There are 2 protein chains.
Amino acid sequence: MMEQLDQTDITILRILQKDSKKTAKEIAKTLNLTSSPVYERIRRLEKQGFIKKYVAILDKKLIDRSITTICQVSMRYHNEAFIEKFEEQIQALEEVQECYHMAGQVDFVLKINTKSLEEYHDFVKYKLSKIENIGVLNSTFVLKDIKHTSEFYI
Amino acid sequence: MMEQLDQTDITILRILQKDSKKTAKEIAKTLNLTSSPVYERIRRLEKQGFIKKYVAILDKKLIDRSITTICQVSMRYHNEAFIEKFEEQIQALEEVQECYHMAGQVDFVLKINTKSLEEYHDFVKYKLSKIENIGVLNSTFVLKDIKHTSEFYI
DNA sequence: TCTGAAACGCACTGCCC
DNA sequence: GGGCAGTGCGTTTCAGA
């Protein structure tokens, strides 16, 4: 259980990261296999947790979330209780797509998607700044998405 | 063609963003519909581009890409040719999961996944720093993923 | 582990309302 | 728009190698 991945597993993961609608039959063809072993391997990769989930990727522009903002947050005090509270509250904010606790001077980096700059303003004013213990808050806007993928290099 | 989304469309998109393996039948059930209209709407949402693709999300730790780094890059010169070249070269780097052209002093923000700090070092030394015209390069490491989703709030 | 066959359910179509 | 009924295909299971 949970042994290392062989080359066949890696190929399957690479394919499914790009297109999870590929059928076991199609994947089998590129691997010179039948669909049964491919199917079983996918099932095993799901069960072992290598594949966490399958999702649809939407077009940010079309669904009107065009504005992406990177926001750097530093806390005023750095005790456990404050940090945990902050993490909890951030997770609940729907506008926040990513949040990382960082090494270095800045404590957290957030990526936020909104409809407009005005909506971002409201987000900061009514939601983010309501969180206790935020010291410095520094927002910079994305001019252009150069690259954006959910794929990992394996 | 390309009209506004109604509430049914939005519900379908919300569900598929969380779990694209949900069948039309299952989605239909939560909407008190049959599978035919749900199926047709999904097809339309794909064709209109609202749904860009379907992908498998892998576990970063299990596939050994545990180290996430945020790297801020500023260019030495800001002419069109240099910027385009930079964008092209970044897109080709497999370790780079995200790259944004920013407003403000920092020109680009990159998110990079590697197996180890050492591998990140090699990435900077042999790949990133080979790109022409990079002025300042500032790397900070992620201590913890607080939130990380491909979902948009719609 | 893989192959091949067989069962089942869903995707997908066409017709009706 | 949505419902209903049908067909083909992929998923899923299993015996055998």
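The model shown is predicted, which means the values in this text are computed figures rather than measured ones. The analysis underlying the following values was restricted to heavy atoms, covering all of them including side chains, and did not include hydrogens, waters or symmetry mates. In what follows, chains carry the letters A, B, and so on, assigned in the order in which the sequence lines appear, proteins first and then strands, with residues in each chain numbered from 1.
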Sequence-distant partners of B/Gln91, side-chain contact (heavy atoms from CB on, under 4.5 Å), two or more places apart: A/Ile146, A/Lys147
Base versus backbone protein contacts along nucleotides 12-17 of chain D [heavy-atom cut-off under 4.0 Å; B, S, -]: SB----
Whole Å only: how far is the [atom1] atom of [X] from the [atom2] atom of [N]?
X: B/Ile12; N: D/dG2; atom1: CD1; atom2: P; answer: 9 Å
X: A/Leu31; N: C/dT1; atom1: CG; atom2: P; answer: 14 Å
X: A/Ile42; N: C/dC2; atom1: CD1; atom2: C1'; answer: 15 Å
X: A/Asn32; N: C/dT1; atom1: CG; atom2: C1'; answer: 16 Å
X: B/Lys29; N: C/dC10; atom1: NZ; atom2: C1'; answer: 15 Å
X: B/Gln7; N: D/dG1; atom1: CD; atom2: C1'; answer: 17 Å
X: A/Asp6; N: C/dT1; atom1: CG; atom2: C1'; answer: 10 Å
X: B/Ile27; N: D/dG2; atom1: CD1; atom2: P; answer: 14 Å

Donor-acceptor side-chain pairing of [X] and [Y] below 3.5 angstrom:
X: B/Glu98; Y: B/Tyr100; answer: yes
X: A/His101; Y: A/Asp107; answer: no
X: B/Tyr54; Y: B/Glu46; answer: yes

Test of ring centre spacing under 6.0 Å for B/Phe86 and B/Phe108: yes
Sugar-phosphate only, base, or nothing, as touched by A/Thr23 at under 4.0 Å among non-hydrogen atoms: sugar-phosphate
OP1 or OP2 of D/dG1 under 4.0 Å from side-chain N/O of B/Arg41: no
Salt-bridge criterion met for B/Asp59 and B/Arg65 (N-O under 4.0 Å): no
